[in-house]
*Asks:* 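So that we are looking at the same thing, I have put the structure below in structure tokens.
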2 protein chains.
Amino acid sequence: MYKERVRALPQNGSSPTLEEVAKLAGVSRATASRVFTASPKVSPRAKRAVERAAEKLRYVPNRAARTLVTGRTDSIGLVIPEPTAFLFGDPFFPRLVRGISEVLSRRLVQLVLLMPQSAGDETRLEGYLSAGHVDGVLMVSLHGNDPLPDRLHERGTLVVLGGRPGASSAVSYVDVDNVGGARSAVEHLIAMGRRRIATITGPLDMGAGVDRLQGYHDALVKAGLNGDASMHQPGDFGQESGAAAMQALLDRHPDLDAVFCASDVMAAGALDTLRRQRKRVPQDIAVVGFDDSTIATSTAPTLSSVRQPIEEMGREMARLLLAGLDSGTAGGKRVILVTELVVRASSGKGVRE
Amino acid sequence: MYKERVRALPQNGSSPTLEEVAKLAGVSRATASRVFTASPKVSPRAKRAVERAAEKLRYVPNRAARTLVTGRTDSIGLVIPEPTAFLFGDPFFPRLVRGISEVLSRRLVQLVLLMPQSAGDETRLEGYLSAGHVDGVLMVSLHGNDPLPDRLHERGTLVVLGGRPGASSAVSYVDVDNVGGARSAVEHLIAMGRRRIATITGPLDMGAGVDRLQGYHDALVKAGLNGDASMHQPGDFGQESGAAAMQALLDRHPDLDAVFCASDVMAAGALDTLRRQRKRVPQDIAVVGFDDSTIATSTAPTLSSVRQPIEEMGREMARLLLAGLDSGTAGGKRVILVTELVVRASSGKGVRE
DNA sequence: CAATTGCGAGAGAGCGCTCTCGCGGCCGGA
DNA sequence: TCCGGCCGCGAGAGCGCTCTCTCGCAATTG
């Protein structure tokens, strides 16, 4: 670790303190502090003097000192425990971040993104987050029963999840209606006359993966159709996994007439495989994705998809966290956002039978 | 802003202090502190007592307090001032982050990603960074003459840039040999017999954009070929801009026989346009990209590209920053990494003339 | 056996800030 | 003119930690 040398750096070593600003402005430290905390009880005269002095000294309040006394950092962490390649490849995250940023910007709260890449990283991260570096934590893309949210919650850190946690938990979360969305997608396929409908699921250690499979099932059962395990093939939400899963499904069931994919990116992969196999979409096989991400309109044919309000999910997560911070309540809230089926060419009225 | 209520939260309100741990362990605060700072001067007996007490109380050191006295936060910021859609869409960033993380993980330093989305965000960010939230700052994807790095540097914050800054500056940076890489790409095209070589440049407010254009120019001039302004078309490194730029170039010069693209993603866009225009690659037009990202091997035909060691760039940035922190020196270092041309089908020996 | 060394441990001083408390001056009302 | 009230300000305590200084005790040495 770098040592006490740091202290001698111009970095913090020479940076001016409130005391110096106060002296230069000819007021007490308390009054100078009032100026920076936007306290109303300061005369315009004193305020101006302090501001001029601060400008002259290029003063910036020391956050550590402020945090130490207020117990507040004015920043919140967004934790995404995904390999970087996934994090940056998936169109889900930018939209989520946009929603979150929107809300936080208005509150002058800094968003910091944290990307644990290994178990070691995650341990360190737990320390970082419980040590008061952030006022609260947003977390998405949980796999399995990641214990981090619950442990943070127990420690008293405010946590809001995106996507329901695996096990029941006291932590607040925002989720979309994955079951309902998947069900509507499959019901649509059935309504279009499809009968041999497979699914490429998401990771089954994630709520979104499980729930979308559930919705698929519900619709098939209601219609009295077959949706046994041979009709499922898991993917990891990535394009290649979609292509591979599609191939596996075709190997098992060459007569499929539809496939529901738990993400658009996997659906794009599935389309690649179908093209390679000379299957016409939607004539031979109809495809529906999930997310309604930008990729849905750039595939050939364009992709029917279940739209989920990802930006809104981000906004709602941020709102929930800020509300918890404001009220001092610990959570246990859950918000479910509705989804909406968007029908495009990949499941359109194909020239079928 | 959320107010003093926060203080009453279990969050920090009830979290145990070093004092309490020391009392429970039957030692002084100083000795307890020694245990957590891994100081050697503590007996095994005392160490165990403190560790047990800490475990029992679920003690986590308060970082703000520690930072206040050490002047150190053990975390560094990575600033990427790009719209989220770009940040997450570009294969450059995950590779960079991977390289950075690799180095930082070994040093128990936390990486926090900061993504200013607007001028307001950036102002706030400057405050955040100068206020001592991080020990140092890594910054990439600078546009124009972004004043942030210089201002942070002036304030005494250690900054390392990825990619050279627009204007001359005292800030340290790591860059790849963009000029040399571009030159070798174009020299290769010339060696393959191409004579009417256009370029799709990157944003000309970025060092990488300017330098790759420069390399293109150098090679053409050396060979006595035409590379006037009508042969350039700027893009933004994104796929769509590549497609549009290719179209613009073809409109002006239907007889082009090669194009050098300043990024693989733009090259992929260019390939889309060429396909739509029924131009054969490489027979009619040879294409070379830049980055040698994963997309280069998944296009049809596969893409010749200039490989830049992005992970290494991340590692080197992190190393430079840590070295600066360790030594207390402020910077002014520059590291240039070599590039390497990778020839694939898009510029292969086409059936030409 | 006395003198010296060395090592573990405690006391205490801050790091830079916020916030409570109390004081003095100025206002308006009687 | 006098007095209560309010408002702006300063004094001072302390947030939780690290680190220096010092001390006491045991081991080592002449």
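Lettering follows sequence order; numbering is per chain, from 1.
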*Asks:* Taking atom P of D:dG16 as reference, at what distance in whole Å does atom CG of B:L57 sit?
*Replies:*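 After rounding, the reported distance stands at 14 Å.
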*Asks:* As a test of reading the structure: which of C:dG16, C:dC19, C:dG14 is closest to the side chain of B:V69, going by heavy atoms?
*Replies:*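 Between C:dG16, C:dC19, C:dG14, the one nearest the side chain of B:V69 would be C:dG14.
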*Asks:* Keeping to residues at least two apart or across chains, list the ring pair (Phe, Tyr, Trp, His ring centres under 6.0 Å) pairs with something in residues 129-166 of chain A.
*Replies:*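 Residue pairs with at least one partner in residues 129-166 of chain A: A:Y128-A:H133.
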*Asks:* C:dC19 C1' sits how many Å from A:R72 CZ, rounded?
*Replies:*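 One finds 12 Å between C1' of C:dC19 and CZ of A:R72, rounded.
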*Asks:* Over all strands shown, is A:S39 touching base, sugar-phosphate only, or nothing at heavy-atom distances under 4.0 angstrom?
*Replies:*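 Nothing, no nucleic acid heavy atom in range.
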*Asks:* When the distance from CZ of A:R66 to P of D:dC17 is rounded to whole Å, what number comes out?
*Replies:*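 Taking atom P of D:dC17 as the reference, CZ of A:R66 is at 21 Å.
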*Asks:* If you measure from the Lys or Arg side-chain nitrogens to the Asp or Glu carboxylate oxygens, is any gap between A:E154 and A:R151 under 4.0 Å?
*Replies:*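 Result for this pair is no, no salt bridge flagged.
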*Asks:* Rounded to whole Å, how long is the line connecting atom CG of B:N62 with atom P of C:dC15?
*Replies:*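 Those two atoms, CG and P, are 18 Å apart.
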*Asks:* Does A:T84 offer a backbone N or O that forms a donor-acceptor pair with the side chain of A:Q117 under 3.5 Å?
*Replies:*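 Yes.
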*Asks:* Which nucleotide sits closest to the side chain of A:S33: D:dC15, C:dT18, D:dT18?
*Replies:*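 Between D:dC15, C:dT18, D:dT18, the one nearest the side chain of A:S33 would be C:dT18.
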*Asks:* Nearest whole Å is fine: how far is C:dT18 P from A:D74 CG?
*Replies:*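 Spelled out: CG on A:D74 to P on C:dT18 is 11 Å.
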*Asks:* I'd like to know if B:R319 pairs up with B:E316 as an ion pair, taking the criterion as any Lys NZ or Arg NE/NH1/NH2 lying under 4.0 Å from an Asp or Glu carboxylate oxygen.
*Replies:*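 Salt bridge: yes.
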*Asks:* Tell me whether B:R124 is salt-bridged to A:D74, with the criterion being a basic N under 4.0 Å from an acidic carboxylate O.
*Replies:*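 So B:R124 does not pair with A:D74 through a salt bridge.
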*Asks:* Collect all protein-nucleotide pairs involving nucleotides 8-11 of chain C in which both atoms are nitrogen or oxygen and the distance is under 3.5 Å.
*Replies:*
unit_1: C:dA9; atom_1: OP1; unit_2: B:S43; atom_2: OG; d: 2.6
unit_1: C:dA9; atom_1: OP2; unit_2: B:S43; atom_2: N; d: 2.9
unit_1: C:dA9; atom_1: OP2; unit_2: B:S43; atom_2: OG; d: 3.4
unit_1: C:dG10; atom_1: OP2; unit_2: B:S28; atom_2: N; d: 2.8
unit_1: C:dG10; atom_1: OP2; unit_2: B:S28; atom_2: OG; d: 2.9
unit_1: C:dG10; atom_1: OP2; unit_2: B:T31; atom_2: OG1; d: 2.8
unit_1: C:dG10; atom_1: O6; unit_2: B:R34; atom_2: NH2; d: 2.5

*Asks:* Check this one for me: any side-chain N or O of B:T70 less than 4.0 Å away from OP1 or OP2 of D:dT18?
*Replies:*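 No, B:T70 has no side-chain N/O under 4.0 Å of OP1/OP2 on D:dT18.
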*Asks:* Could you check how far CG of B:L68 sits from C1' of C:dG16, rounded to whole Å?
*Replies:*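 These atoms are roughly 5 Å apart.
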*Asks:* Taking any heavy-atom pair under 4.0 Å as a contact, classify A:T67: base, sugar-phosphate, or nothing.
*Replies:*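 Nothing, no nucleic acid heavy atom in range.
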*Asks:* Salt bridge check, B:E312 against B:R315: does any charged N sit closer than 4.0 Å to a carboxylate O?
*Replies:*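 Looking at B:R315 and B:E312, the cut-off is met.
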*Asks:* Could you tell me whether a side-chain N or O of A:S172 sits under 3.5 Å from a main-chain N or O of A:G332, the two making a donor and an acceptor?
*Replies:*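 Indeed, once roles are kept as given, a pair shorter than 3.5 Å links the two residues.
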*Asks:* A:K23 has an atom NZ; how far is it from atom C1' of D:dC9, in whole Å?
*Replies:*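 Spelled out: NZ on A:K23 to C1' on D:dC9 is 19 Å.
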*Asks:* Check the distance between C:dT18's P and A:R63's CZ and give it to me in whole angstrom.
*Replies:*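 Going from A:R63 (CZ) to C:dT18 (P), I get 10 Å.
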